[in-house]
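Input: a single structure, listed below in C-alpha cells.
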Amino acid sequence: MKLKEYCVIEENDKIIVENVHDFNPVHIFECGQCFRWVKQPDGSYIGVVRDRVVKVRYRSGMLEIHNSTSNDFLDIWYDYFDLGRDYSEIKGLIAKDEIMKKAVEFGSGIRLLRQDLWEMIISFILSSNNIIPRIIKIIDSISRTYGKKIDFEGKSYYTFPCIDGFMNSDLEKLEICRAGYRCKYIVKTLEMMEKTTVKISNFQELGLEAARKKLMEFPGVGPKVADCILLFSGIRFDVFPTDVWVKRVVEELYFGREVSFKEIQEFAKSYFGPLAGFAQQYLFFYAREKKIGVKK
DNA sequence: TTGCAGGGGTCAA
DNA sequence: TTGACCCCTGCA
C-alpha cells in the first residue's frame, strides 16, 4: 500500500513505514507536547493513543508501529504523526538566524502531533503551574481511575477517559490524582463540555482570537494553555505558547533583556508568522534541554 | 529526620 | 499588578 511517498508493509502484529524522515522519537515524545509516551529500555516508546496501545521504534527512515495495521496507518497514524507535512521545508524556512539554526539542528526530529482535543484541554489545564514529570503522573492516575484498561505485552495500560468516562464515574475520585486546586477546574470544565458540542471543526472555522477566547471560557485555561491546546491538537500552527522556558530563551537570545508576554507574542508573529508554532517547539526543546536562561 | 525554598500559569482581589 | 493556589523535588 502506498500513501503519498510512504510505503507501508504489514508484518505480523506491526507495520513498517518506509521513507519517513525528520522523525526522532526522543525529540517528538520529549519536547513537551505529549504526556502519554514512555521510553522503554530498548529505546522504543510505548504510548496510549485513543483506544489503543502501540510501540514505536524508528531507525534510518523506517518507522515501526507495533500492535497496528495498515488500516490504522490511514485512519490514525498518518495524521497523528503529521506525516503529510514536509518538516525539512519548515526547518529551512524558520532556521533564518544562528539561534534558530542551532535550535532546529538540536531538535531536528521534532514533529507536531495532532492529538485529541478533549485530551489536550484536560492535559494542559493540568499543566499550568506544574512540571512535566508531575503532569505525566497526574494524567496516568486519571487514566487509571476513569479510563479503560488495555493489556499489551504483559502490562496494563489505560486509555485517556472520554467525557462519558468521567461523567459516569465519581468525580470526587479526582482528588486521588493529586492535581490539587486544578481538580475543581477539571470538574467545572467537564460540566461545561457536557453541555456544548465543541469540535475541532468548530475551532478551524473560527479566527485565532475567537478560538482562543472560546477556550479561555474553560476555567484554568489562560493564554498559554489555550495556545498549547490549539497547537497540539493540530488546530492552529500560528500560535506561540509562551511559558517560562520560551520567555527565557527569547529574552536571552533575541532581546538580551526582560520583555513582556505581549512583546514576545508580537515578535513571534512578525518573525515567524504562520510557522510560529513550529518555531516555538524547536525553541522550547532547545531551551529546556540546554537549560537556557536558568539562574545558577 | 525535618523543614524550607523553588518551580510553574491562572484567577481574583 | 500581585499574591494565593498545590504538590513534588532537592538540598541544607
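None of these values were measured; they are calculated from a predicted model. Each chain gets a letter, A, B and so on, in the order its sequence line appears, and its residues count up from 1.
- For the pair R85(A) and D22(A), the minimum side-chain heavy-atom distance is 4.5 Å or more.
- Counting to the nearest Å, the C1' atom of dG7(B) and the CD1 atom of I135(A) are 11 Å from each other.
- Put simply, CG on L126(A) is 14 Å from P on dG9(B), counting in whole angstrom units.
- For I136(A), the side chain to side chain contact (heavy atoms under 4.5 Å, CB included) test picks out F35(A), I132(A), with sequence neighbours left out.
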Tabulate protein N/O versus nucleotide N/O from nucleotides 10-13 of chain B, keeping only pairs under 3.5 Å, one per line.
unit_1: dT10(B); atom_1: OP1; unit_2: G222(A); atom_2: N; d: 2.8
unit_1: dT10(B); atom_1: OP1; unit_2: G222(A); atom_2: O; d: 3.1
unit_1: dT10(B); atom_1: OP1; unit_2: K224(A); atom_2: N; d: 3.4
unit_1: dT10(B); atom_1: OP1; unit_2: V225(A); atom_2: N; d: 2.9
unit_1: dC11(B); atom_1: OP1; unit_2: G220(A); atom_2: N; d: 2.8

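- The interatomic distance linking N129(A) (CG) with dC5(C) (P) rounds to 12 Å, in whole Å.
- Figure legend: K55(A) and F152(A) shown without cation-pi pairing, the cationic atom not lying both under 6.0 angstrom from the six-membered ring centre and within 45 degrees of its axis.
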Using a 3.5 Å cut-off and no angle test, enumerate the donor-acceptor pairs between side-chain atoms of residues 230-238 of chain A and protein atoms at least two apart in sequence or in another chain.
unit_1: S233(A); atom_1: OG; unit_2: I229(A); atom_2: O; d: 2.5
unit_1: R236(A); atom_1: NE; unit_2: D238(A); atom_2: OD1; d: 3.1
unit_1: R236(A); atom_1: NH2; unit_2: D238(A); atom_2: OD2; d: 2.7

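- The nearest whole Å value for the distance from the CZ atom in F284(A) to the C1' atom in dG8(B) is 11 Å.
- R134(A) comes within 4.0 angstrom of a base, heavy atoms only.
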- Task: Take T69(A) and N71(A), measure what side chain to side chain donor-acceptor pair (under 3.5 Å) needs, and give me the verdict at the end.
- Result: CA-CA 5 Å; T69(A) 65; N71(A) 278 340; 5.1 Å; no

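- Contact check, W245(A) against dG7(B): no side-chain N or O comes under 4.0 Å of OP1 or OP2.
- Looking only at side-chain heavy atoms (C-beta outward), I142(A) and L174(A) come within less than 4.5 Å of each other.
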- Query: If you write DNA chain B from 5' to 3' in dot-bracket form, with Watson-Crick or G-U pairs under 3.5 Å, [ ] for crossing pairs and | for pairs with another strand, what do you get?
  - Reply: .||||||||||||

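- Every residue meeting the side chain to side chain contact (heavy atoms under 4.5 Å, CB included) condition with E217(A), not counting sequence neighbours, appears here in chain and number order: M192(A).
- Going from atom CZ of R288(A) over to atom C1' of dG7(B) covers 13 Å, rounded to whole Å.
- A sub-4.0 Å separation between OP1 or OP2 of dG8(B) and a side-chain N or O of R248(A) is present.
- With rounding to whole Å, I136(A) atom CD1 is found 15 Å from dC8(C) atom P.
- With sequence neighbours left out, the side chain to side chain contact (heavy atoms under 4.5 Å, CB included) criterion links K195(A) to no other residue.
- What separates CG of N130(A) from P of dG8(B) is a distance of 11 Å, to the nearest Å.
- Residues F278(A) and Y87(A) bring their aromatic ring centres within 6.0 Å.
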Donor-acceptor pairs under 3.5 Å, side chain of residues 154-167 of chain A to any protein atom, not counting sequence neighbours: which ones?
unit_1: S156(A); atom_1: OG; unit_2: D151(A); atom_2: OD1; d: 2.7
unit_1: T159(A); atom_1: OG1; unit_2: K148(A); atom_2: N; d: 2.9

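- The stretch residues 258-269 of chain A has no heavy atom under 4.0 Å from DNA chain B, so no residue of it qualifies as close.
- Rounded to whole Å, atom P of dG9(B) lies 14 Å from atom CD1 of I138(A).
- Remark: R178(A) pairs with no residue by the side chain to side chain contact (heavy atoms under 4.5 Å, CB included) rule, at least two apart or across chains.
- Legend: residues meeting salt bridge (Lys or Arg N to Asp or Glu O under 4.0 Å) with E205(A), ordered by chain and number and at least two apart, are absent.
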All N/O contacts under 3.5 Å from nucleotides 9-12 of chain C to the protein, with atom names and distances to one decimal?
unit_1: dT9(C); atom_1: OP1; unit_2: K137(A); atom_2: NZ; d: 3.0

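- Identified under the ring pair (Phe, Tyr, Trp, His ring centres under 6.0 Å) test for residues 10-30 of chain A, with sequence neighbours left out: F23(A)-Y58(A), F23(A)-F81(A), H27(A)-F285(A), F29(A)-W37(A), F29(A)-Y45(A).
- Side-chain rings of Y271(A) and Y254(A) approach one another, their centers coming within less than 6.0 Å.
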